[in-house]
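Quick note: numbers below take in every heavy atom, side chains included, and nothing from hydrogens, waters or symmetry partners. Note on naming: letters A, B, ... go to the chains in the order of the sequence lines (proteins, then strands), and numbering restarts at 1 for each one.
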There are 2 protein chains.
Amino acid sequence: MHPTRAAILTAAQRLFHERGFHATSMADLLAASGTGAGSFYYHFPGKDAVLTAVLDHLHERLDREVLAVGRAPGLSPVGRVRAIFGFYRAFLTAAQCRLGCPVGNLAGELADSAPEVAARLHRLFAAWRTGIADCLKPVADRLPAPLTLDDVTTFVLTVMEGAVMQARVARDLLPFDQSVQCLTDWLCRLFPDDPVAKPRT
Amino acid sequence: MHPTRAAILTAAQRLFHERGFHATSMADLLAASGTGAGSFYYHFPGKDAVLTAVLDHLHERLDREVLAVGRAPGLSPVGRVRAIFGFYRAFLTAAQCRLGCPVGNLAGELADSAPEVAARLHRLFAAWRTGIADCLKPVADRLPAPLTLDDVTTFVLTVMEGAVMQARVARDLLPFDQSVQCLTDWLCRLFPDDPVAKPRT
DNA sequence: GTCTATATATTGATAGAC
DNA sequence: GTCTATCAATATATAGAC
C-alpha cells in the first residue's frame with residue numbers, strides 16, 4: 001500500500017474514532033496525515049471513500065487483533081470470551097475510558113446512511129459474532145434449550161458494545177467490569193464444567 | 001413553554017435522532033421546525049444550546065415514558081424489566097429497526113465533547129439505571145454474592161443499549177430478541193421464585 | 001417575536017503547475 | 001504524486017426592519 005494512502009487511512013481511523021465522521025473535516029484529515037489536498041484526492045475520490053476504506057481496515061484489524069485473542073491456545077471457551085473482554089478492558093484503560101468502540105461509534109452515527117457504509121457495518125458485526133461463536137463452539141451442544149449458539153453469541157456482542165458505551169459515558173471502568181462480571185456469572189451457570197466456573201456452595 | 005421553542009425542540013429531537021447532531025444543519029433545523037433564523041436565535045443562543053435542551057428533554061421523557069413502564073402495577077421484578085424491553089421492542093418495530101436509541105446514538109457521537117453535553121449524557125444513563133434498579137429493588141437481597149443490585153442494574157442497561165445497536169445495524173429484531181432472551185434466562189436463574197421464571201426440568 | 005437579507009468562516013472538492 | 005491556489009456550496013450566526 002502506498003505510504004501516503006496508508007497515512008491518510010491511519011489518520012482517518014484515529015480521527016473518526018476520536019471525533020466521529022461528520023465532526024472530522026477534510027482539513028483535519030489533511031493536517032493529521034501530513035498530506036496536501038492534491039495528494040489526498042489522487043488517492044481517494046472523496047471523504048466518503050475514506051470512510052469505507054477505514055471500515056474495511058477496521059474489519060481486518062478486528063480479525064487480526066481482537067478475535068485472535070479468542071483463538072489463543074490453552075483457554076477454555078468461557079476463558080476465550082473473557083480474554084476478548086480483557087483486550088477491550090486494556091484498551092479502555094489506555095484511553096482513560098474515552099473514545100469508546102471504533103465500530104460501535106461509527107455504527108451509532110452512520111448505521112442508517114448509504115448502503116456502502118451500512119453494509120460494511122453489518123459485515124463488521126457479523127465478523128464479530130463469528131469470532132465469538134468460534135470461542136464457544138466447543139460447548140455449543142451443552143446449551144440448555146431453547147438457547148442456541150447464535151443467541152449466546154449475539155448476546156456476548158451486545159454486552160461488549162453496551163459495556164464499552166457505558167464505561168465511556170461514565171468515564172469509569174466500573175460499568176464495564178460490572179457487565180463482564182454478570183455475563184461471566186451467566187456463562188458459568190450455563191457451563192458449570194468450564195474451568196472458569198468456580199464451584200458453587 | 002413558548003410554542004416556537006417547543007417546535008424547535010421537537011424538530012431537533014427528531015433530527016438528532018435520525019441523523020445525529022453534526023449531520024443536522026441549522027437549515028435542516030429551521031425547515032423542520034418551520035421557524036426563521038431570527039426566531040431561532042431569539043429562543044436559543046445557538047445550535048449547541050438546542051443540543052443541551054434536547055438532552056434535558058430526553059431526560060424528562062425517559063422518566064415519564066420509559067421508566068414509567070417499569071412502574072406499572074401487577075408486574076414481578078423480572079416482569080418489569082421485561083416490560084421496559086418490550087417498550088423498546090415496540091419502538092424498534094415502528095421504526096423498522098432504524099434510528100436506534102436516541103440517547104445511545106448521541107452518547108456515541110458526543111460522549112467526549114463539551115462538559116455540558118458529557119454531564120447530561122452521564123445523568124441520563126444514571127437515571128436509566130435508577131429506573132431499572134427500582135424494578136429489581138424488591139429482590140435485591142436475593143442476589144447471590146458477590147453480585148450487587150448495582151451490578152445487575154448496570155448490566156441490564158448494557159444489554160439494552162447493545163441490543164438496540166445490534167438490531168439497528170442488522171435492521172432486524174432478531175439480535176434484540178436474542179439478547180432479551182439471554183438476559184431473561186439469566187435473571188430467571190438468579191430469581192427462580194419470580195413468576196416469569198418457568199420451572200426447569 | 002418574527003421576518004428577510006446578509007455577514008463570515010469553513011466545508012468538500014478542483015485546477016493546473018511541477 | 002504532490003504542490004499551491006482557489007472554487008462553489010454550505011456552515012453558523014447576525015443585523016435591522018417590522
Side-chain angles (χ1 to χ4, degrees), chain A residues 1-57 105-106 108-110 112-118 120, chain B residues 1-57 105-106 108-110 112-118 120:
Chain A
M1 169 150 51
H2 190 104
T4 299
R5 189 185 159 90
I8 293 169
L9 222 49
T10 304
Q13 192 178 339
R14 184 173 61 80
L15 288 172
F16 292 169
H17 191 185
E18 286 175 2
R19 319 181 185 176
F21 176 72
H22 286 111
T24 300
S25 72
M26 280 300 301
D28 295 333
L29 230 40
L30 298 182
S33 62
T35 37
S39 210
F40 178 94
Y41 285 99
Y42 173 81
H43 291 282
F44 293 97
K47 193 187 167 192
D48 290 354
V50 184
L51 173 62
T52 56
V54 162
L55 289 171
D56 289 337
H57 189 236
N105 291 358
L106 291 174
E109 190 183 355
L110 305 162
D112 297 336
S113 344
E116 309 89 57
V117 177
R120 278 174 173 83
Chain B
M1 167 146 54
H2 190 104
T4 299
R5 188 185 158 89
I8 293 169
L9 222 48
T10 304
Q13 192 178 341
R14 185 173 60 79
L15 289 172
F16 292 170
H17 191 183
E18 286 175 2
R19 318 181 187 178
F21 176 72
H22 286 112
T24 300
S25 72
M26 281 298 303
D28 296 332
L29 231 39
L30 298 181
S33 62
T35 36
S39 211
F40 179 94
Y41 285 99
Y42 174 82
H43 292 283
F44 293 96
K47 193 186 165 191
D48 290 355
V50 184
L51 173 61
T52 57
V54 163
L55 289 172
D56 289 338
H57 189 236
N105 290 358
L106 290 175
E109 189 182 356
L110 305 162
D112 297 336
S113 347
E116 310 88 57
V117 178
R120 277 174 174 83

Closest-nucleotide 5' rank along DNA chain C - winner of B/Ala37 and A/His22 = B/Ala37

ask   = Could you give the CG-to-P distance, from B/Asp28 to C/dT11, as a whole number of Å?
value = 17 Å

ask   = Start at the 5' end of DNA chain C and walk down; is the nucleotide closest to B/Gly38 or to A/Gly38 reached first?
value = B/Gly38

request  = Could you work out which one of C/dC3, D/dG1, D/dA11 sits closest to the side chain of A/His43?
outcome  = D/dG1

task = Ignoring backbone atoms, test whether A/Thr4 places a side-chain nitrogen or oxygen under 4.0 Å from the OP1 or OP2 oxygen of D/dG1.
result = no

key: Pairwise distance OG1(A/Thr24) to NE2(A/His17) - rounded to 0.5 angstrom   = 11.5 Å

Any side-chain heavy-atom pair of B/Asp48 and B/Glu116 under 4.5 Å = no

inquiry  = Output the rounded distance in Å from CG (A/Leu29) to P (C/dT11).
reply    = 12 Å

query = Quick one: A/Met1 CE to D/dG1 C1', roughly how many Å, whole number?
reply = 17 Å

message = Between A/Arg5 and A/Ile8, is there a side-chain heavy-atom distance shorter than 4.5 Å?
response = no

Any side-chain heavy-atom pair of B/Arg19 and B/Asp28 under 4.5 Å = yes

request  = Please state how far atom CD1 in B/Ile8 lies from atom P in D/dA13, giving the value in whole angstrom units.
outcome  = 13 Å

ask   = Looking only at side-chain N and O atoms, does B/Ser25 come under 4.0 Å of OP1 or OP2 in D/dT10?
value = no

inquiry  = Under 4.0 Å, counting only non-hydrogen atoms across every strand here, what does A/Gly46 touch: a base, just sugar-phosphate, or nothing?
reply    = sugar-phosphate

ask   = When the distance from CE of A/Met26 to P of C/dT11 is rounded to whole Å, what number comes out?
value = 10 Å

d(OH, B/Tyr42; P, C/dT4) in whole Å = 19 Å

request  = Classify the angle between the aromatic ring planes of A/Phe16 and A/Phe21 as parallel (below 30°), tilted (30 to 60°) or perpendicular (above 60°).
outcome  = perpendicular

remark   = Against the side chain of B/Ser39, the closest entry in D/dA13, C/dG12, C/dT2 is C/dT2

B/Tyr41 OH to C/dG1 C1', straight-line distance once rounded to whole Å = 16 Å

remark   = When rounded to whole Å, the CG to P distance for the pair B/Leu51 and D/dT12 reads 13 Å

ask   = A/His2 has a side chain; which of C/dT11, D/dG1, D/dA11 sits nearest to it?
value = D/dG1

